[in-house]
Structures are given as C-alpha cells and as structure tokens.
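Note sheet for the following structure.
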Protein chains: 2
Amino acid sequence: MKKRMYDNIQRFPVALDGIIFGFDRQALNLLLIKRDFEPEKEKWSLMGGFLREAENLDDAASRIVTSLTGLKNVYMEQLYGFGRHDRDPVERTISIAYYALINIHDHDEDLVRRYSAQWFPIDELPELIFDHQEMVEAAKARLRYKAARQPVGFELLPGKFTLPELQQLYEAIYETELDKRNFRRRMLSMGVLVKTDEKQKGFSKRGAWYYTFDKEKYKKMSSPVNGSALAFMPARE
Amino acid sequence: MKKRMYDNIQRFPVALDGIIFGFDRQALNLLLIKRDFEPEKEKWSLMGGFLREAENLDDAASRIVTSLTGLKNVYMEQLYGFGRHDRDPVERTISIAYYALINIHDHDEDLVRRYSAQWFPIDELPELIFDHQEMVEAAKARLRYKAARQPVGFELLPGKFTLPELQQLYEAIYETELDKRNFRRRMLSMGVLVKTDEKQKGFSKRGAWYYTFDKEKYKKMSSPVNGSALAFMPARE
DNA sequence: CAGTAGTAGCGTTAAAACTACACATAAAGT
DNA sequence: ACTTTATGTGTAGTTTTAACGCTACTACTG
C-alpha cells in the first residue's frame, strides 16, 4: 500500500537553529560554532541541524542543543521561523530558531571542543553567517521580554545564587544598570525566591545570602509567549 | 552546472496557515473554509497552502490570505511554527501559522463563496482539523498581547470609527467588558487617535465623534513581538 | 584589636498609573 | 417640551513605580 502524499508541491529542508545563552556570573554569553565545512567555512554560526522524519520540532531542537552541549532537558522556546528564500546559498531552506538557556558551567567541554565551539559575550559577537545575526537579535528581545515578567535565573544560574548575582544577570540581559533596592524588591515580590541560611564567602567582605528558586511556583509562572499568562490589558509600557 | 544541495536529509512540505481575524462592529470573527477535499472533507479549517520555491515565508502567507480574501497588503504577523510529526495524516508537514487582521467588510465575497468560506464569531467556532484549534488559541493570545500595548483597530476597523466602536472591538478581543471612561483615557493617551469633526449618525441619538489613526505614529508603535518595542523591565502583570 | 573599606541590605517618599464610580449632555422621537 | 438613549467627562482612593540616603556586616590593614 502506497503512502498518501501531497501532489505537485515543493519540499524543503527544515533547519533548526539554536541560540544558546549562558551566563558566567559576569556577562551573558552565546555559544557559537566555527564552521568546518562549506559554505562560509571558518566563519561563526549558530548550532543547527535538520529536521528528521517523525521528529517533532521541539524534539529536533533539543537534539541539536544536546548534541553540542551534552545537556538534556534544557529550557528551550521556539523563537521564530526564518524563511527568506535566499537565506541559505546552498539550497532553499527554512529555519525554525529556538533559544536555549543553560548554565554555562554545566556544558560538556569535549563536545564543545569537537565542534570548535566557543562562548562569546553577547556584546562582542563575531560576524555570523546567513541570517543568524537576525536570529540573535530576536532572541535577545525575547529574553528581555521574558525576564521582565518572571525571574529567568533558574536556567542560567547555578542552583544557588545571590541577589547581586541575579542582578548582574539582569544587567547583562538588559545591557544597563539597575537600582539595587528596586531590583531586590521586585524579584522578591514575585515570590519564587527562597532564602537559604548560607552565605557566599570570598567574594565580598560582607558576603551575600544564597537564594534558590521555588521550583513549583517557578514552573507555574514559566510559560512561553503564547501561553495564557498574558495579563488582561496590562499597562502600557 | 549542477546545483549544490544538502545530502542525506529529509525534505518536507512547508505549509502556511492563516488565522484571519475580522471585526463586524459587533464581534470578532474568524474566516474559515470548508474543506472540499480529503482528508477531513467537509470539516472546517484555516485557510492554508504550501510554500513555493523562491518565495519568502511572509510572501507565501500573504499570497494565501489574498487568495481567499482578495485583499492585498493585509496586516500579518508570523505566529508560531507548528510541527508535531503527526499533525497532518497525509504527509509529515510543518506549518508556519500567520495571523491576519482585516476589515471584514472589505473582503471579496465571490472568492469567499468559491472556497465555501464563512465567518465565525470567535466564541462559536466549529471543530477544526489537525492542530488548527491550537493555532487559533495562540493567535487569540497574541492578539490580546498586542492589543494591550497598541490600539489594534487600524487593521480591523474602517478608516474612521467611533470610540464606542473601538471599545466594542476590545471587548470582543478580551471577551469581557471594559470601563468606558478608563478605556477612553487609555486609548487617547497612546496618542495615535485623531478626532475628526464628523459625527456618526443614525446609530445612537447623540452620535459619537469619528476618529482616525495617525498613521505615522501608529506605524512607529506597530512592531511584532520580536521588535524592539518591549519596554525595559516593564511592570509585572 | 581598632579602624577602614567595600558590599549587602533596608525604608521612605514623591510621582505616576490604575481602578472604581456618578452625573451632565446632545439629539432623536414622541 | 419631555422622554429616551447612548455619548462624554471628572475625581478620589489605591497601587505601583522610581529615586534616593543611610545602616550593617565582615575581611583586611596597620
């Protein structure tokens, strides 16, 4: 029995590209790979790959990020579908971009080496191939959007972290400085931070308290842009 | 000279599906078509079509909406890429959903008849094929998000409209009632409405002033979700 | 061991935004 | 002229934001 198929239509390779964010307690970074194949060999690009038969988009995106970082169950969200007809000089493809948030210290360094990958601070990115620059811009905008309404630290920070560290992350995301007192109040008011009885040592004289996330509450708040969580007529900006 | 191509990868039909919103001065409506072909013949679905070679995604989405409505230069925004591997029983496809906002009275009625298309109030939708229900939900959420930070009337309303009409639209979008005075203040404060010296006649005794949009300012505010316009750490909801 | 330096952490206040709510006004129809 | 019906306006109380000055720890120094 022959499988049914659509007639008289084009078929295209469907790529998944991953914008992988990591935070090193200082700056927000992006994991890029140096292409060792044509076209655009030796130039930098996002990690990508092609969709396989019988594989969901989300699964494919996960597979691709895992193949570079070794990490599973990474937080990812679909960003946008990029499909300019001439975006890829080899063949007409469309690419669904996903962004991922990972703890920069968790990744598999061997894998990263094998792919000639490297972390770049987001304000010092090299030139990227194709439309990858555009993807990165979109991902930054989305991350900012997301961070504004829920603490994004859970994915980017280690299990325990201090408020100054969280603030550092936010300042990296927004590329600006924030008021310590207001930031603190705002984050705490979201009700997902749990203070531990442990203090950070060695960094500052006084030492800051470590916090963790209340995973339960955090998960409830975490919803993609299309999720239900958008408030009814929230304030204009 | 042979064209270069990628090796050993699958290729897929790429569909575009359009969530077409229209407003008839009463309710928010969706334009759906009755399928006259298998599978799922006689059931309702979104208007869709397949991507062609050398056609940008946005252009393809436009083409598809135009083919049903006769309207060109419709406001559209990419919504999300849907790609469950079993989403289409005929063949594995991926679909990029776009939503469109049109003035319901402008569409080409012949075309709509030819496709056996029909407008449905968004709170009385029939059962839809595949994952189209999910797409509609996502589109509603996105429209709500968008409407909260910029007046969305321009695309959905005729050139001139009254504030009560605009409010009617918002109430349809949010499926709730709004306070007249607060709504009015909020819309006017966005600074894109221009009062004309013309009054609506025949509908209410007193008659309401017609307004138009200041297209210049309006365009500046109109940016897709990924645009830059997201405020720096806007209020929590 | 006392003083200093450098962050961490707290509280207050003024401005802005939001919410809720009630009455006057224009014009059509009798 | 009076009634009817929807349009249009103002205000007060509350909540949220934004700006800002000061105290509290503790490691290091002499």
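The chains referred to below are lettered A, B, ... by the order of the sequence lines, with proteins before strands, and numbering in each begins at 1. Note that the coordinates shown come from a computational prediction; the quantities given were computed from them, not determined experimentally.
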Check for a donor-acceptor pair, side chain of [X] on one end and backbone N or O of [Y] on the other, with a separation under 3.5 Å.
| X | Y | answer |
| --- | --- | --- |
| Ser45(B) | Ile129(B) | no |
| Gln167(A) | Leu178(A) | yes |
| Arg25(A) | Glu165(A) | no |
| Tyr99(A) | Ala138(A) | no |

From [atom1] of [X] over to [atom2] of [N], roughly how many Å is that when rounded to an integer?
| X | N | atom1 | atom2 | answer |
| --- | --- | --- | --- | --- |
| Met187(B) | dG8(D) | CE | C1' | 17 Å |
| Leu178(B) | dT19(C) | CG | P | 10 Å |
| Phe203(A) | dC28(D) | CZ | P | 14 Å |
| Glu198(A) | dC25(D) | CD | P | 19 Å |
| Gln200(A) | dT7(C) | CD | P | 12 Å |
| Asn182(B) | dG13(D) | CG | C1' | 13 Å |
| Leu188(B) | dG10(D) | CG | P | 12 Å |
| Leu163(A) | dC10(C) | CG | C1' | 13 Å |

Select one nucleotide: of [options], the one nearest the side-chain heavy atoms of [X].
| X | options | answer |
| --- | --- | --- |
| Pro164(B) | dG8(D), dA20(C), dG9(C) | dG8(D) |
| Trp209(B) | dA8(C), dA19(D), dG8(D) | dG8(D) |
| Lys205(B) | dA28(C), dT12(C), dG9(C) | dA28(C) |
| Ala208(A) | dC25(D), dG8(D), dA8(C) | dA8(C) |
| Ser204(B) | dG9(C), dA6(D), dA27(C) | dA6(D) |

Practice task
Check every strand shown and say whether Lys199(B) touches a base, only sugar-phosphate, or nothing at a heavy-atom separation below 4.0 Å.
Solution key: sugar-phosphate

Practice task
Identify whether any heavy atom of Lys195(A) sits under 4.0 Å from a base atom; if not, whether one sits that close to sugar-phosphate; answer base, sugar-phosphate or nothing.
Solution key: nothing

Exercise for the section: Would you tell me if any nitrogen or oxygen in the side chain of Arg184(A) comes within less than 4.0 Å of OP1 or OP2 on dA8(C)? Expected result: no

Practice task
Map Asp179(B) and Gly207(B) onto DNA chain C by nearest heavy atom, then report which one ends up closer to the 5' terminus.
Solution key: Asp179(B)

Handout entry: Lys180(B) (side chain) and dG8(D) (base): donor-acceptor pair under 3.5 Å
Key = yes

Practice task
Indicate, yes or no, whether a donor-acceptor pair under 3.5 Å links the base of dG21(D) to the side chain of Arg181(A).
Solution key: yes

Exercise for the section: Using the six-membered ring wherever Trp is involved, compare the ring planes of Phe213(A) and Tyr218(A) and label them parallel, tilted or perpendicular (cut-offs 30° and 60°). Expected result: tilted

